[in-house]
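Both ligands and their constituent atoms are indexed starting at 1 by order of listing.
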Amino acid sequence: MKHLIRSKDLSRAELEALFSRAEGYLPVVKEGRKTADAEGKVLATLFYEPSTRTRFSFETAMLRLGGSVISNFNMKEASSAKKGETLYDTGRVVSQIADIIAMRHPEAGSVGELARGSLVPVMNGGDGPADHPTQGLLDLFTIQQELGRLEDFTIAIVGDLKYGRVVHSECDYLSQFKGVRFVFVSPEALKMPAEITEMLIEKGFEVVETEDLNSVIGEVDVLSQTRVQQERFETQEEYEKYKGVYIITPELMGKARKEMILMHPLPRIDEIEVAVDDDPRAKYFDQIEYGVAVRMALIATLLNL
Ligand code: NCD
């Protein structure tokens, strides 16, 4: 593994190795400690798009590995991109300074372009609507930790399946495991891209597509809820049509299985009522801790530590 750009590049063996390493780091995260595994190493975070969790999570992961962090969270306005520097050159330049790079950008393919120039590992923190491989990793790690298995379960993936990059990564990773039943819940206009649905069907997975969350919530083990991706719509009116289309309420949770887990990459707008937060099945805040452990495992692996 040289970079992590596309979630489909990871094999099942690589996923399992990352999760077992992340499990080892979990006590370090939970107890607020640090290791010396990446002592002397520097992570650069280059963010061309807003972020709260992802950037802090990458940076905290490096700090808990005993390394250091340099960060520019306004790359679009406050870096040489403003002067016209190409992503390729930025990759080459930053890789002369840092030992590893995490990057987020609004355009699909942009992180791969920067990685082409980079001499050090690059991690994709989200490239437009395409992919969000580290969020996908932490979602699978959450399922493994909270459900106890990565096989033989039903997952409902709900909301904006067209523009939501996280759900694309989740499907790529889950396609490496057996016996997963996929229920895609979205309005017709925000359906899962056909290439993902077809890839799953070709690999022999059962895929159900519906617009009706109510009728399927009782049959799922994992519910992955997502935000309607306002920033990807052509117009505000178009976005308004779909905003609030699926809202998880305590009443709806009443129809779900007792052992179901409810995930969300966050931020939430209105897709999950705050009254659901105290439900023991709500795992979206726990996911954040899992994310730091997974990113520690990823950084350590990419740096060959
Ligand atoms: C997601 C993202 O940026 O794609 N957030 C995250 O990284 N936790 C989800 C979203 O913005 O809806």
Side-chain angles (χ1 to χ4, degrees), residues 4-7 22 29 45-61 71 73-76 101-111 122-143 155-173 184-187 190 192-193 196 222-233 238-240 242-248 261-272 277 282-296 298-299:
L4 180 56
I5 310 294
R6 297 263 77 97
S7 36
V29 176
T45 51
L46 313 180
F47 276 59
Y48 296 77
E49 244 194 0
S51 167
T52 302
R53 275 153 298 277
T54 303
R55 187 170 63 88
F56 280 166
S57 181
F58 272 118
E59 295 181 354
T60 304
S71 183
F73 53 83
N74 188 16
M75 283 296 285
K76 217 170 138 193
I101 297 170
M103 170 184 172
R104 167 173 288 186
H105 194 283
E107 278 159 44
S110 52
V111 181
V122 176
M123 300 173 286
N124 181 358
D127 61 330
D131 219 333
H132 194 343
T134 62
Q135 179 71 42
L137 280 179
L138 80 91
D139 291 350
L140 260 75
F141 187 52
T142 303
I143 297 172
I155 181 169
I157 305 184
V158 181
D160 185 349
L161 311 187
K162 180 179 178 190
Y163 297 119
R165 52 194 174 197
V166 174
V167 301
H168 305 154
S169 300
E170 284 177 354
C171 290
D172 283 337
Y173 291 143
F184 295 152
V185 184
S186 73
L190 300 181
M192 187 65 82
I196 294 182
V222 178
L223 198 162
S224 176
Q225 172 68 317
T226 66
R227 173 179 72 92
V228 179
Q229 306 281 298
Q230 177 171 16
E231 64 276 37
R232 313 276 179 229
F233 285 81
E238 192 62 14
Y239 164 66
E240 294 289 339
Y242 301 109
K243 186 180 175 286
V245 64
Y246 302 111
I247 298 181
I248 312 283
I261 63 170
L262 174 61
M263 307 199 303
H264 192 308
L266 303 176
R268 76 171 143 194
I269 310 307
D270 54 6
E271 316 80 56
I272 302 178
D277 295 358
K283 302 296 178 196
Y284 30 94
F285 295 118
D286 302 309
Q287 281 176 259
I288 298 164
E289 255 180 6
Y290 291 134
V292 177
V294 157
R295 291 186 175 102
M296 288 175 78
L298 178 66
I299 293 170

message: Can you confirm whether Phe56 is buried at CZ, in the sense that more than 12 heavy atoms of other residues, nucleotides or ligands lie under 6.0 Å from that atom?
response: no

message: Checking Arg227 against His264 for the side-chain hydrogen bond (donor to acceptor under 3.5 Å, both in side chains) test, could you report, in this order, the C-alpha distance in whole Å, the side-chain angles of both residues, the deciding distance, and whether it holds?
response: CA-CA 8 Å; Arg227 173 179 72 92; His264 192 308; over 6 Å; no

query: With the threshold set at 4.0 Å, does a side-chain nitrogen-carboxylate oxygen contact exist between Asp131 and Arg6?
result: yes

- prompt: So which residues, sorted by chain and number, lie with a heavy atom under 4.0 Å of ligand 1?
  reply: Arg53, Thr54, Arg104, His132, Gln135, Arg165, Val166, Arg227, Gln229, Pro265, Leu266, Pro267

- prompt: Does a donor on one side chain sit under 3.5 Å from an acceptor on the other, for Asp160 and Thr226?
  reply: no

Distance-only donor-acceptor check, side chains Arg295 and Ser57, under 3.5 Å: yes

field: For Glu240, all residues meeting side chain to side chain contact (heavy atoms under 4.5 Å, CB included), sequence neighbours excluded
entry: Gln236, Lys243

